[in-house]
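Position 1 is the first residue of the sequence; numbering continues from there. Both counts, for ligands and for their atoms, begin at 1 and track the order of listing.
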Amino acid sequence: MSEGTESAYVPKGVDLEKPNAARTYDWYLGGTTNWAVDREFGKQVLQVMPSLQKVVRANREFLRRAVRYCMAQGVRQFLDIGSGVPTVRNVHEVADELDPNSRCVYVDNEPVAVAHGRVLLERHGDPKRHAMLNADLLNVEDLWEQAMGTGVLDPDEPIAMLIVAVLHFMPPGEGAEEAVARYKDLLPRGSYLVASHATNHDVPADRAAEAAVAEEQYKRANTPIGFRTRDQFSAFFEGWEPVDPGVVWVPEWHLDDIDSEVASEWADNPSESCCFVGAARKP
Ligand SMILES: C[S@@+](CC[C@H](N)C(=O)[O-])C[C@H]1O[C@@H](n2cnc3c(N)ncnc32)[C@H](O)[C@@H]1O
């Protein structure tokens, strides 16, 4: 696995004494935007939950499948909240493969992810079609104003709002439910909500035990996690038309020949993935 780079640009205000979920996630995926503190933390988590790396990769595959699904439904605009450190084959790259006029606004509240996202887009993006914002999912009005202020997204055309592997960083009671409901109000008709969520509910007992230890570990990072049940996760989609097959385990969602390698390994025991996914369309 990659060892990251200590010389990478560190934006002001970034605490490199504490591990961070965005950078640790990047390390799990084999990226290089992480520091010793993140890698050390990641190694400790993998010791208690060795399957996590596979979970993370299966989640990333889902993100790409979901982008292609939305494109197939005619959606050409993406609002990727909690987009993370840019890593190989990001949302705009997957979308551009299908339509070079597609648009994408990335959002994250982790300064390293934002700084690296901006560098990536400066080099390989199109400022008319791509942007990277520093904003907080929970601060809806600010995020929405910034996102629409980029001019990248047309508020009258459907937008796919991606909130993938993010909501478990906002356990129930911290405002995520209210925030997502507000975005659903703001988004135009025909928009999609796509989300995934880590869980230790309804999973095999050994996975549940591992996930509970990993949850404890994450309390040491500056981004603790909190699991939701299937019902709690499903509630985010309420009122919108569910995309078949509804809220399911990640290996059960629209597998294809392009981005399903990891998920396919769990075809016979999907709950091993510890990851719920789903999508819905605004009527
Ligand atoms: C596990 S990564 C997921 C990255 C990407 N969505 C994916 O699935 O590959 C979670 C990201 O959510 C970001 N995040 C966590 N809480 C957030 C918040 N309140 N607002 C915006 N981003 C947040 C983290 O900084 C991190 O980059």
Side-chain angles (χ1 to χ4, degrees), residues 11 13-15 18-31 33-34 38 41-42 45 49 52-67 78-94 104-118 120 132-144 146-147 160-171 173-180 182-183 193-199 214-215 218 221-227 250 253 259 262-263 273-279:
V14 172
D15 180 358
K18 266 195 158 189
N20 171 273
R23 302 186 315 249
T24 307
Y25 180 84
D26 174 66
W27 179 75
Y28 295 143
L29 284 171
T33 313
N34 49 75
D38 308 308
F41 176 68
V45 177
M49 189 173 183
L52 183 61
Q53 195 164 22
K54 209 169 141 180
V55 177
V56 161
R57 291 187 170 168
N59 173 73
R60 194 77 191 170
E61 288 178 347
F62 162 72
L63 174 66
R64 298 188 190 119
R65 294 201 301 279
V67 170
F78 295 87
L79 177 59
D80 185 4
I81 305 182
S83 54
V85 171
T87 184
V88 186
R89 294 190 72 232
N90 295 290
V91 168
H92 77 282
E93 292 161 323
V94 176
C104 181
V105 171
Y106 293 108
V107 180
D108 208 285
N109 68 346
E110 206 287 311
V112 173
V114 174
H116 285 262
R118 285 185 175 149
L120 175 100
M132 173 93 227
L133 303 177
N134 186 345
D136 195 307
L137 180 147
L138 296 175
N139 198 346
V140 180
E141 308 308 323
D142 169 65
L143 189 155
W144 190 259
Q146 283 199 57
M161 181 171 69
L162 314 174
I163 310 184
V164 177
V166 182
L167 293 165
H168 45 248
F169 294 110
M170 284 154 266
E174 292 192 1
E177 278 73 6
E178 294 77 3
V180 172
R182 177 75 184 125
Y183 290 116
L193 166 62
V194 172
S196 70
H197 201 294
T199 191
E215 186 181 24
Y218 265 87
N222 63 6
T223 37
I225 51 176
F227 300 122
V250 66
W253 202 90
D259 275 307
V262 180
S273 66
C274 298
C275 180
F276 291 132
V277 303

For this session: Verify whether one side chain among Tyr25 and Asn59 offers a donor that lies under 3.5 Å from an acceptor in the other.
Result: yes
Looking only at protein heavy atoms, what sits closest to atom 10 (C) of ligand 1 is Ala165 O, 3.3 Å
Leu138 N/O to ligand 1 N/O under 3.5 Å: no
If we number the atoms of ligand 1 from 1 as shown, the ones under 4.0 Å from a heavy atom of Asp136 are 18 (C), 19 (N), 20 (N)
Looking only at protein heavy atoms, what sits closest to atom 20 (N) of ligand 1 is Leu137 N, 2.9 Å
Check: Among the heavy atoms of Ser83, does any lie under 4.0 Å from an atom of ligand 1?
Finding: yes
| In terms of the angle between their ring planes, are Tyr183 and Trp144 parallel, tilted or perpendicular, with boundaries placed at 30° and 60°? | tilted
If we number the atoms of ligand 1 from 1 as shown, the ones under 4.0 Å from a heavy atom of Glu110 are 25 (O)
key: is_close_aromatic(Phe78, Tyr106), centroid dist under 6.0 Å   = no
Nearest heavy-atom contact between Ala198 and Phe227 is O-CD2, 3.4 Å
Ligand 1 to Phe169, heavy atom cutoff 4.0 Å, flagged ligand atoms 1 (C), 10 (C)
Taking every heavy atom of Ala22 against every heavy atom of Val85, the minimum-distance pair comes out as O-CG2, 3.9 Å
Note: Asp259 and Arg65 closest approach over all heavy atoms is O-NH1, 2.8 Å
On a heavy-atom basis, the closest approach of His197 and Gly226 is CE1-O, 3.7 Å
Query raised in the report: Is there side-chain contact between Leu133 and Val105, with heavy atoms separated by less than 4.5 Å?
Result: yes
The option among Val107, Asn59, Leu63 carrying the non-hydrogen atom nearest to atom 8 (O) of ligand 1 is Asn59
If you compare Asn109, Val114, Val194 by their heavy atoms, the one closest to atom 23 (C) of ligand 1 turns out to be Asn109
Nearest heavy-atom contact between Glu61 and Ala263 is OE1-N, 3.1 Å
For Ala135, the ligand 1 atoms with a heavy-atom partner under 4.0 Å come out as 20 (N), 21 (C)
Per-atom filter on ligand 1: closer than 4.0 angstrom to a heavy atom of Val164 are 3 (C), 5 (C), 6 (N), 7 (C), 8 (O)
The closest protein heavy-atom partner of atom 9 (O) of ligand 1 is Tyr25 OH, 2.5 Å
Judged by heavy atoms only, the candidate from Gly82, Gly84, Ala22, Ala198 nearest atom 6 (N) of ligand 1 is Gly82
Closest to atom 24 (C) of ligand 1 among protein heavy atoms sits Asp108 OD1, 3.5 Å
